[in-house]
Structure formats: structure tokens, C-alpha cells
Amino acid sequence: MDNKHMNTSSPDTTLSLTECISSAEASRRLAHKRSRHLKERLVEFVLFLAAFSSVATTFAIVAILVYESIPLFKHVSLVEFLTDPQWTPLFDDAHFGIMPLVSGTLVTTGVALSVCIPMGTIIAIYLSEFAPHKVRETVKPFLELLGAVPTVVFGYFALIVVTPLLQKVMPDLPGFNMLSAGLVMGIMIIPYVSSVSEDAMRAVPMHLREGSYAMGATRFQTAVRVVVPSAFSGIAAAYILGISRAVGETMIVAIAAGMQPTLTWKPTESASTISSYIVQVALGDLPHGSIGYQSIFAAGLTLMVMTLVFNIIGYWLKKRFREVY
Amino acid sequence: MQQSVTEIRRLIARHKFWDYVFAIVGLICLLVGILTLMGLFAQLVADGAPRLKPHFFTSFPSRFPEEAGILSAWVGTILVMLVTAFVAVPLGVAAGVYLEEYAPKNWLTAIIEINVTNLAGVPSIVFGLLALGLFVYQLNFGQSILSAGLTLALLILPIVIVATRESLRAVPGSIREAAYALGATRWQMVSNHVLPYSSSGILTGVIIGLSRAIGETAPVITIGALTFIAFLPHSPISGQFPFISFEWLKDPFTVMPIQMFNWTSRPEEEFQLNAAAAGVVLLAMTLAMNAVAIFLRYHIRKKIKW
Amino acid sequence: MSASVQPVLKAESKNLNFYYGDFKALKGISLPVHDKRITALIGPSGCGKSTFLRCFNRMHDLYPGNRYDGEITLNPDGVNILSPKVDPIEVRMRISMVFQKPNPFPKSIFENVAYGLRVRGISKRSVLEEKVEEALTNAAIWNEVKDRLSDLAFNLSGGQQQRLCIARALAIDPEIMLFDEPTSALDPIATANIEELMAELKERFTILIVTHNMQQAARVSDFTAFLYLGEVVEFNDTKKIFTTPDNPRTEDYITGRFG
Amino acid sequence: MSASVQPVLKAESKNLNFYYGDFKALKGISLPVHDKRITALIGPSGCGKSTFLRCFNRMHDLYPGNRYDGEITLNPDGVNILSPKVDPIEVRMRISMVFQKPNPFPKSIFENVAYGLRVRGISKRSVLEEKVEEALTNAAIWNEVKDRLSDLAFNLSGGQQQRLCIARALAIDPEIMLFDEPTSALDPIATANIEELMAELKERFTILIVTHNMQQAARVSDFTAFLYLGEVVEFNDTKKIFTTPDNPRTEDYITGRFG
Amino acid sequence: ADKLVKIDGSSTVYPITEAVAEEFQKAKRGAVKVTVGISGTGGGFKKFCRGEIDLSGASRPILKKEMEACKQAGIQYIELPVAYDALTVVVNPQNTWVKSMTVDELKKIWEPAAQGKITKWNQVNPAWPNQPLKLFGPGADSGTFDYFTEAVVGKAKSSRGDFTASEDDNVLVQGVSRDRGGLGYFGYAYYAENSKKLKAVPIVEKAGKPAVSPSIDTVKNGSYQPLSRPIFIYVNAKSVDKPEVKEFVDFYLNQAPKLSKAVKYVPLPDKAYALAKSNFAKKKTGTGFGGEPEVGVSVEELLQREGKH
Ligand SMILES: Nc1ncnc2c1ncn2[C@@H]1O[C@H](COP(=O)(O)OP(=O)(O)OP(=O)(O)O)[C@@H](O)[C@H]1O
Ligand SMILES: Nc1ncnc2c1ncn2[C@@H]1O[C@H](COP(=O)(O)OP(=O)(O)OP(=O)(O)O)[C@@H](O)[C@H]1O
Ligand SMILES: [Mg+2]
Ligand SMILES: [Mg+2]
Ligand SMILES: O=P([O-])([O-])[O-]
């Protein structure tokens, strides 16, 4: 890079006079180039390894779950696992039907979603389209704190506050039920849903809103007819995240839902979920290596498969409805 | 042909009614969330207030509720969070940078991407199972600070990756082009520009991740965290050369949520107060972390406006 | 394209000032807008053309800190559309706008055009269909899209999208149409199409257009206002402005001596 | 600003085609770039001006799916800078670029200008200081910023930011400077400043500028190429192009009959 | 380098162990570190048989599977009972009809055949009202559950499944105290701490025997049957070579009478502690059980049995 222009005072100096790059300069540059390339490749490789570590984690999870649950499946056929209506691996009369846990998981998830999806979405719309800037900036982090409250606290909140309240309305409600666990879980998940969907809505470019307002639309019309559809893929991602959180939530259900694996779809009954079964056993008295102990890995595997299915649906939705502003 | 003005006005009045209705509904929903949080917090404070004295922070657990404290728990929590941050941040940021700035569009990166979103949805209890099998037994880390930190690091890895990607994406392409146009290599572009400019977003993501990790109970229970620990881990600073010791990584530990969980399941009602007080402290720790995040976001963003 | 018959006044801005926070972007603008004519706003970048245009449908209301001072009266009823007592939604229902970058909604072609009607509470399919067809025909895009009305609007080309946006604005029978550099994101062929379209539209609507392209202003408009640093330097018949401007600054700008 | 002395060839594109994926944006472009002269590229929006300019520093390499076909030789060594064997980083070290919107890094003024030097491995403070001062002086902004070198570059006005970007590009002693509509985001006064600056710069550098503003091309350039739909319609002395163009399409464009 | 005693295992034994550990560390002024975890009896044995811990708390004797695991790893253990826990059957304070219950009545309620059938109080005993019967009990993976089913139904883990289960006994306390028709069982400590909210049911072991309420005395004198059970610590024989472990266990056995009472457990008779001390001193390894839980054995007898491995 020596100054090729400084020594040429007039523009019509001929080529031959000036800067033919010396061979020494050329080879220096070449060497520099090679080391630069090497470093770049190295950096890229290291970064790739980091990105790949997430895949490795998933592999490790699946491997451990499969490895540990194989002994169970030697004992219990997959058909039995999926169709037996009873889950009593720890009882004398052991049954290994995962369905009661799955139903409990789905019902609590359903109840939670019926709280957090509408409320989360409404809050997101409110914050992104209605609330003044200041309100949004203060409320959002505050709301996110809800997600940081230890779930044990929520569990007791469900058991000691929410259930008695519900019992005032529904006198027949048992003291342990999926309804109150699900409701509280829903409240806990609200910030996950609202925060991510609000981000998605705010990413909708202003010119789309301007287009709508210019047609004489009100805020509500703009929000519902233009902003929400445009941000759909982001909102779907928020829902999927909410579902995953609900499916995997442990302590709230373990405390408030009654830990009773029954195959029921009624939210007013008590039940057990996959994850609460796992902590129960992890805390318990069971001899390790027993079939009952292996059952937690089988349950974990089921849980993993469920979240995987939800996430693949989510990924597909996201692809299908990718924002094209 | 054109609607009369009065007609238009009537129409607008009708539509605006829904604006008001929705604004009120939105506000109510917001209040439900906020009030629940405030209610919970107030309840915890009311219950825990008698315990929130200095010695609560400087005492070890005890069978006497008034004497019991959270010293080993908060120290444990901080050390575990340190490990978590030290592992999750470099790994997550590097992965985010790879996916956003380097990754070619092929099946492998597609898999990594699906996998990251999937991992974000894996229930934390499953991470506990992984850690039990892998860290505690296969790698023989035992029930140590290291195991817990690694477990939680894996748990928040997707959060860090996603936050990194989002904030990298917020850096305009013109900055990248400017750097390249001056002859920068890709890594120079990333390390000199894109990464520093997105640091506030990344930091926010890290803190959100950590505040999720700090309250996690289930996975730490699964790896079998201890509950009664009446001593502190080894000090990270040693008297001899090289003055830094990593022995604490292998030390047994307890963390705040575990201590809280232990207290809630005690027969003596007095211990419920301890649990509430521990809850207050835990929430305050999270609150403080979030405050730091907000502060940083505000201050760094003030300097950078695209 | 002449303005030989003395035209009717459709709207008029009177001593209009506009502030972005503390920054005064428009300084005492007084300007007539003639009925069924095209008025072009030209001037160097940043002179306030878009700012002025967006006052007409109260777009600035969307952002905090903006302030109007002065009047824009809209005839025949002579209402001051900038008055805080006037609902901006009402203004926008009477004056519609086409933006610089085509901004169709992520909906079907049909739903895009029907949007303004739905907002007005019309939901009868037959009425919608009729109006949509009419608007698309008027926007000279009906033939291209009639077989794919349920396609996503994003699948159209840039020029088609812009005509779709024009159709969307037409469908609600506005009294004035605002165009903010409607062709600056388009290729020459699409641009020519849109210019032709505007010439047709002015038979029925009053049009106000911002352009940074003087050739375009000369081609399509009846009246031209030259703005500079937030002020109207000169307003006149387009022909007059482009041949014998009164103000030397106008001349300098038009002949390319600055800008 | 004439090109009376027969100039030296600094670079030359030979039958250059460029593809965005399947879309052929440049069609067989052959064009000389004369040493220490300003060559302007004009043409309607979307004709390929930016695309062509960005070939010169291999900016297209950043995005997947882009493909060059043809040559751009850079003198004196006559290397084909589009050859896959040539490292794009090397090309960018020899040919620097100023973009449409000023895009300073969110760093101090000093660090902005020093960045290109740091990338070259220069880190000695005294050398950096000297070079930064030189570049800022050449970009005619030294006096305005010399007391606030450690201020954030964002605190400068748009015109100052653009001059800072020019200084940044100058600091690395490029052989050619590319300007892609460098004034389109600026106000008239800042524009005038930059144009003046370019006139000074061409004493020492070869300049290639894209502009959609014909007046600007006429004012600052020595040679002008008129592009249309990815092809060079006409290349000639600027004076000739703007007075007696050979091609009727050029004339139509320049006189505002289309575009 | 550090003097460390690692303990894990049953949540039932935890309060006593914790109290001992606390006092021990006070006594040693921090020279020895003690860690106590809660992994449950089963989790504790898993670690114990891997040689990871020095002591394991157990609310039931070691089982065959676990004995095998220990044998394979070459781990010898000393079985030491440390206290009694009285499983307490509780009802709601508003329950005016139950004065006492026989083991047969309990069996009628809890046996697997009762599932879905016995849902009213009058189905158990016609003298009781037609009031819904709501059941609460520990999770099926707890030692308490095992012992209760063994003692009442006659077979470990044999129970009806339609009851509200929780690992957290406070949750059970909440359940029974809020449901007029509620009935539950758990460790005595939880009853003792919540005696205002709950009513303990006196138990009639066999027809003709008197109803006995759970209390320290009735457990100690052996009249509270069959629901009082011993709880244990298992000590790794190899760890005893470490002076701090030996010291800790000695301290444990010395303090157990006082500390178990303090945490609302029932101390063993003095003779039993003496026997345990001598067993420990002799390093008598193996279990007094055959790898199966037993109901109603006296601790003294147990300690004198030949240790099985
Ligand atoms: N939101 C805003 N806040 C503050 N100032 C603004 C804002 N929008 C525009 N301005 C300023 O107001 C002035 C007028 O801007 P306006 O967009 O109306 O210019 P314009 O004539 O449309 O220019 P262009 O041809 O570039 O679109 C400019 O100086 C601009 O910097
Ligand atoms: N990344 C891209 N992918 C595909 N097509 C592109 C891309 N960028 C530009 N084009 C197309 O290539 C053609 C030339 O674009 P280019 O940006 O070079 O035009 P231009 O002459 O600089 O126009 P303008 O004056 O609007 O900047 C246009 O038709 C454009 O749509
Ligand atoms: Mg504008
Ligand atoms: Mg361009
Ligand atoms: O924890 P436990 O084994 O006593 O139930």
C-alpha cells in the first residue's frame, strides 16, 4: 500500500514508470493472505463447534433417555405403554400405561394455554399498539419478572389461594385439581407469550400500520387486521414457547394437582403429569435400577417427543407464514 | 357516492367504542399479571419480614427456624450462576454468531436451527435427567457446583443463542458493508463491529437467561443437590501461586430454590417464614439482575441509534 | 393536462406550521389545492414535501411529540381538518394516501382492496366484490389480477403492488388522494403505467403528489409548488413553473444548478 | 473539469455480466475508467448502476447466489479483480467505497477513520494520528472535528457524517474510490460541500460515482455512462452527453422525457 | 484434605440427621464438614452402593436389589436404627364421627379392591355418615407408603391408586385440614406440628385390643402398633476407618435420644441405643432383615439378629 499516487504529479505519467508491484511485495501479500485465511477458517470452525454443541446436547439427552428406558421396554411392550389406561409402576400391581400422565399433561397444558394465550396476546397487543411508550418500557420488564418467580411459590399460591377461591364458585371442586394448577401455570407463562409476541408485533414495519390508518382504520382494527396477521409467525413462536413451558412445568403441578395418575380429561379432577412424576420419583424412595426408576426415563422420553412434535409444528408454521413485509 | 360526513361520524363512533373496550380489556389483563406478581411478592414479604435480618444472610441452615439462614444457599447460587454464565455466554454467543454471520444455507445449519428452537422448549426436568446421567455419573463431576452450573448453562444456552441472533440481526447491513469495504475480513467485521454493537442485546438475553436459571428447582433437585450445608465452598482466591483456585468447582453446594423447597416441606410452620424470606431474597436477586439489564440496555442504546 | 378552466378550490392550507418536537419542519405554508387537478410538490430532499403531505391525513398524529399550528380547510364543508376537535379517522376516511414504498397488507389481493370498505363496516360479499372490481379496474390492474384475487398480495411485482395500493385507496371513494413519491421504488415501465393512471384518475379525484423527480412533476401535474427549507418558494401553473419561473431559486433548482 | 488531456486507463470492465441468482442485472458491460478522473453512472432507477459499482469492490461476494461473468481489470498490474483467485479483501484494500447513506461505525470519529488502517495492521498511535489527520483534512472536515476526535461519530450532522465516511475511505490510500449516490440522503448545503470535495479529490484519486441526479453528474463528472436495463447505452465525455448525446434514448432521459 | 462426612438418603430421617450434623459441627467448631442431602431412601442407597457417601438415611431396611448392588461394589454396611417414626392417621377436626379405627377398617379403605368403590364413610363403617371419603397419602415411591401398605394391607406397595399423593407432607396436611371428609397418613412430626388443624385417629390393632393414640409414650412402650416403625442410618464400613466418620456416628448415637425428640420423632428405648453402639463398635455389618420390610419387629431383636449380606 505504499502511496501509488504521491509520486505521480501529473495524471499522464505512463504506466511503465510507476507502480508495478514488486515480486517481493507480491509474495509478502500472498503469505499474509494465507495466514489470514487460516485464521479465518479456524475461527469459523470454532464457532461452528459452538453452534453444534446444541445439537450434541440434544443427542446426549435423547441418548440418555433411550439408554435408560430400554430396560423398561424389555419388560413392557410399546403397545402396552401407549394403550394401558393405568400408570402405577410403583404399585404392587404395576401398570405402565403412559396415557394417564399424558392426559394430565395435556389437560394442565390446555388450561394454562387457555389463560396465557388470550391474556398474553391481549397484553402484547395492548403494549405494542395501545400503551404509551413509557408504560410499555416500564411494564414489560416488570411482567417478565413473573416468569422469574420460583415455581414453588406459584405452586403454593395455587394450592392455598387459588383453589379455595375456586371452591367458592365450584363447591364440588376437590382440594387438588388440574384447574387451579393450570390457571396459575397460565399466569406464570403470560410473560413468555406476551413478551415474545410483543417483540414480533413491534417488528411489523410502521409503513404497514400507516397503510391501515390511512384507510381510516381505528387502532383496534389496525391491530387485529394488520399487525397481528403480519406478526403471525412470531406470535406462533411465542405460543409454541408457551406450550413447551406448560408441558414441561413441574413444581406447580407437583404441589397443586394432586399427583394422582388418572386417565381423565376433566380439569376439575386431580391428576399427575409427566414432569411431576419425574420429580416425585427423583425425590423418592425407589431403589435405583428398578423398573419403577427406569420408568422416569421412559416418561422423560415421552415428554421430549411431545415437545419435539410441538416444536416441529411451530417450525413448520413459522416457515409457512414467514413475515414478508 | 361518497358517504356523508354524519354517516362517517356515526360509523367512527361505533368503531371507536371497540377501541375503548379493548384498551380496558388490555389494561385489565395487564393488571391481572402485574397484581398477581405484586400480590405474591407482598405475601412473601409479609411472611418473610420477621426473618429478613442481617443474620439470615450470614447464617447456615439450622433446625431452629429463627437461627436458620441462607449463607450457603446464596453463595452457592452465585457460584453456580458464575459457572453457568462462563459456559453459556461464550458458547451461546459463538453459536449465535455462527448461525447469523457464518452459516451457509444447508441442511446442517437447518438442523442446528430447528434444534436450537427445540432445545428452548425442552422441559427443564429433562435437563436434570441429562445432567444426572452425564455430568454426575459419566463424567464423574458428582453433585458439585460444576455439575449444576453446566446443567443450567445447557438450559439457558438456547436463550443466549436466540438473543445473540436477534441483536446481531439488529445491526444494519450497511455497517457490515462499510467494514468489508475497508478491507476487513469476516472475523474482523464480526469482532470489531457487529459483536460490540450488539452487546447490549446479548447482555439482556444473558441476564434473562440467568434469571430463569436462578429460580430453577427441578433440574437441580434431579441431580441431587444437597440441602444441609453448613460451610462455604473453597475460596476462589488462594494464598499461594497462582492465587486462583478452582477447587470450589468440585465442592458440594446448595442453592436458593433448593433451600426454599426444603423449608416449605418442613413440618414446623415457622419454617414457612424462612421459605418466604428466601423467596423474597431470590426475587430481589432476579429484580436486581433485571435492573442491571434495563440500565445497560438503556445506556448502550442511547449511544447507538441506527 | 392544462388548467385552462378556472378550477374550484378543494382544500387550502393557511399559514401552516408543523413541528417535529422542537424542530419546525414547515414554516407558514399557504397553498390552494384545486378540485380534480393534480398538484405536485417538488423541492430538494428534506425540504418538507412529505411532512406537508402527511398533514393532510393527520399521519403525524401517530407519533408522539408532533404538533400542527395553522389550518387546512377541506371543502365543500370548510372544516379545518387539523383541528384537535376533528377526529383524524374521519379525515382519513375522506382523504386517502398512497405511500412511497408499496405497502400491501399480508392478505389476499381481494382483502387488500376490500380493507377500507370493511373498515367502513361494509361486509356484504356482493357489495365488496363489486367495489373491489371497480377499484382494481380504475387502478388499471384488474386484467392482471382478476384470476388470482385470493393470491397473497406479496406475490405481485413492485409496480403491481403499487397499483394495488392505489386501488386500495380508490376503493373508499376519497375526496383527495395523496401520493408520496409513488414511483420512486419502481422501474421505468411501472412508473410510466402509474403516471398514465394518475392522468386518468384526475378526472374524478383531487390529487396531491410529492415527487423528487422534476420530469415527473412536469409530465403529470397541473399545478406545482416548489418548497425549500420548509417554505413555499413558488406556486403556480406547472407549465409556468417549468418554463418561466418567477423566483430565481426555483429556476436554479429546476435547471439543476442546485439540489 | 474537462478531460482535455488524454487520460490513462485505470480500470476497465470487459463484457461484464452479473447475475442475482437467475436474474441478469448487468448485460455485457464494457466501460473504461480513466485515472484521476470522475466517471459518473446515470440511468433510471433499477438500471444496474449500483450493481455495477459494487462489482468493483466485490461487495456482491457477501451474499450468496450472486455470480460475475466477465472481467474488470485493474491497472497498473492488470489483474482481473473479479477472478475467483483474487482475494476480495485485497481488492477492497485497493478500491474503497462510500455509500448512499452515511454509515459511520458507532465509535469515535478518530476510530472511524483509523479503522481501515487498523485492519491493515497499523496500530502505532503516531502513524494513526498522522494518517487520520491527513484523511480528515483531505475530506474537508478536519477543522470541524479536530477538537472532538473522541466524540461519537453519530453526533455529527448527516453531511459531516458523509464526509467522515469519505475520510474513512481516503485514509487507506485507495486507488479508486466508489461513490454510490453519496448525497442522496443529504440536504442541499451538505450536497454542495461534498461535490466541491469530489472536485478536489480527483486531483489524486480515480472516482466512480453513481447518481440519480443528472444535474449532479453534469456538475462534477468528466465522463458519463448512461445505463438502461443493465446495459450501457452511451459512454462519453460528460459535456458531450449532456449537450449532444449520440443516442436518442440518452437524450430522452436527460431531457426528462422518461425516467 | 478436608474432613468431610457425606450423608444422603431418606427425607424422613433427614430432620434428625440435620440436627445431629448441626450440633456436631458446632461441637467440632467447623473442623469437620458434614453435608446432608435428600435423595430419598432409594436414591440414597444408589449413591451409598456406589461408595459416594459415608452414611445413608433410610426409612425402610435395605432391599435385596440394593444389597446386591452393594455386594457387587464391595461395600459393607452397618445397619443402625436411630429412632421410631409413628405413622399417624389423621382426619379433619370437623370429623365428629371417628373416635378410633381398626386396622381392618383401614385395610378396607386402602386395599386395591377399594379403588373406586369405597368412596363414602358409611361404606367403611355403617355407623359413620354418608359423607364423601377423600384420601391423602405419600407418593408411591416413599418409604412411608411402603410401610403403611405392608402394615395395613399386608403387602408392600399394595394400595388403591385413587388418592391424592404428594411427596410434600405439608401438602397432605393442607388437603386433610381443608376437607371435612378427608383422611390421610404421614409421619408423626407433621401431625405434631399441625395438631390444631388435624385430628389423630387412635388405632385398634386387633379386635379386643384398646385404641391407642400415637404419642411418644405409646410408641416407646410398644403399644402403638402396627404403625410405628424404626428408621435407620446405614454406615459404610470402610468409611468408619476415617476418624471423622466414626466420631460422627458415635455422636449421632449419643445425641439421637435428645435430638430425635426435639424434631418430633420418637427415641428408641435406651437399651436399643446401647446395643446399636456396641454393634457399631464391633463393626457388625449386614442387615437384620432379609431384604424385605417387616412389620412389628422390635428394635432390640433386630439388633441381635445375625447380619445378612
Ligand atoms: N420524524 C421526524 N422527526 C424529526 N425530524 C423529521 C422527522 N421526519 C422528517 N424530519 C425532518 O423534517 C424535514 C422535512 O422532512 P421531509 O421528510 O418532509 O422531507 P422531504 O421533502 O419529503 O424529503 P425527501 O425528498 O427526502 O423525502 C427534514 O429536515 C427532516 O430531517
Ligand atoms: N439483491 C438483489 N437480488 C435480486 N435482484 C436485485 C438485487 N439488488 C438489485 N436487484 C435488481 O437488479 C437491478 C439493478 O439494481 P440496482 O440496485 O443496481 O439499480 P440502480 O440503478 O442502482 O437503481 P437505484 O437508482 O434505484 O439505486 C434492479 O432490477 C433490481 O431490482
Ligand atoms: Mg419525503
Ligand atoms: Mg442504486
Ligand atoms: O424419603 P423417604 O424415603 O423417607 O420417603
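Proteins come first, then strands; the chains are lettered A, B, ... in the order of their sequence lines, and each starts at number 1.
The side-chain contact (heavy atoms from CB on, under 4.5 Å) test applied to A/A181 returns A/I252, A/A256, A/A257, not counting sequence neighbours. Qualifying side-chain contact (heavy atoms from CB on, under 4.5 Å) partners for A/S53, counting only residues two or more places apart in sequence or in other chains: B/L91, B/L157.
Salt bridge annotation for C/E175-C/K10: present, with a cationic side-chain nitrogen under 4.0 angstrom from a carboxylate oxygen. Using a 4.0 Å cut-off between charged nitrogen and carboxylate oxygen, C/D173 and C/K131 count as a salt-bridge pair. Between C/E181 and C/K101, no side-chain nitrogen of the basic residue sits less than 4.0 Å from a carboxylate oxygen of the acidic one, so the salt-bridge criterion is not met. The existence of a salt bridge linking C/D151 and C/K107 is excluded, since no basic side-chain nitrogen approaches an acidic carboxylate oxygen closer than 4.0 Å.
Using modelled atom types, one finds a donor on one side chain and an acceptor on the other under 3.5 Å when comparing C/Q216 with C/T183.
Heavy atoms of C/F99 lying under 4.5 Å from chain A belong exclusively to its side chain. When heavy atoms are compared at a cutoff of 4.5 Å, A/R209 does not approach chain C at all.
In terms of heavy-atom pairs under 4.5 angstrom with chain A, the leader among C/I89, C/D61, C/N57, C/V98 is C/I89.
Contacts of residues 213-222 of chain A with chain C at a heavy-atom distance below 4.5 Å involve A/Y213, A/A214, A/M215, A/G216, A/A217, A/T218, A/Q221, A/T222, listed in sequence order. Using a 4.5 Å heavy-atom cut-off against chain C, no residue of residues 111-120 of chain A qualifies as contacting.
Not one N or O on the side chain of C/S83 forms a donor-acceptor pair closer than 3.5 Å with the backbone of C/V79.
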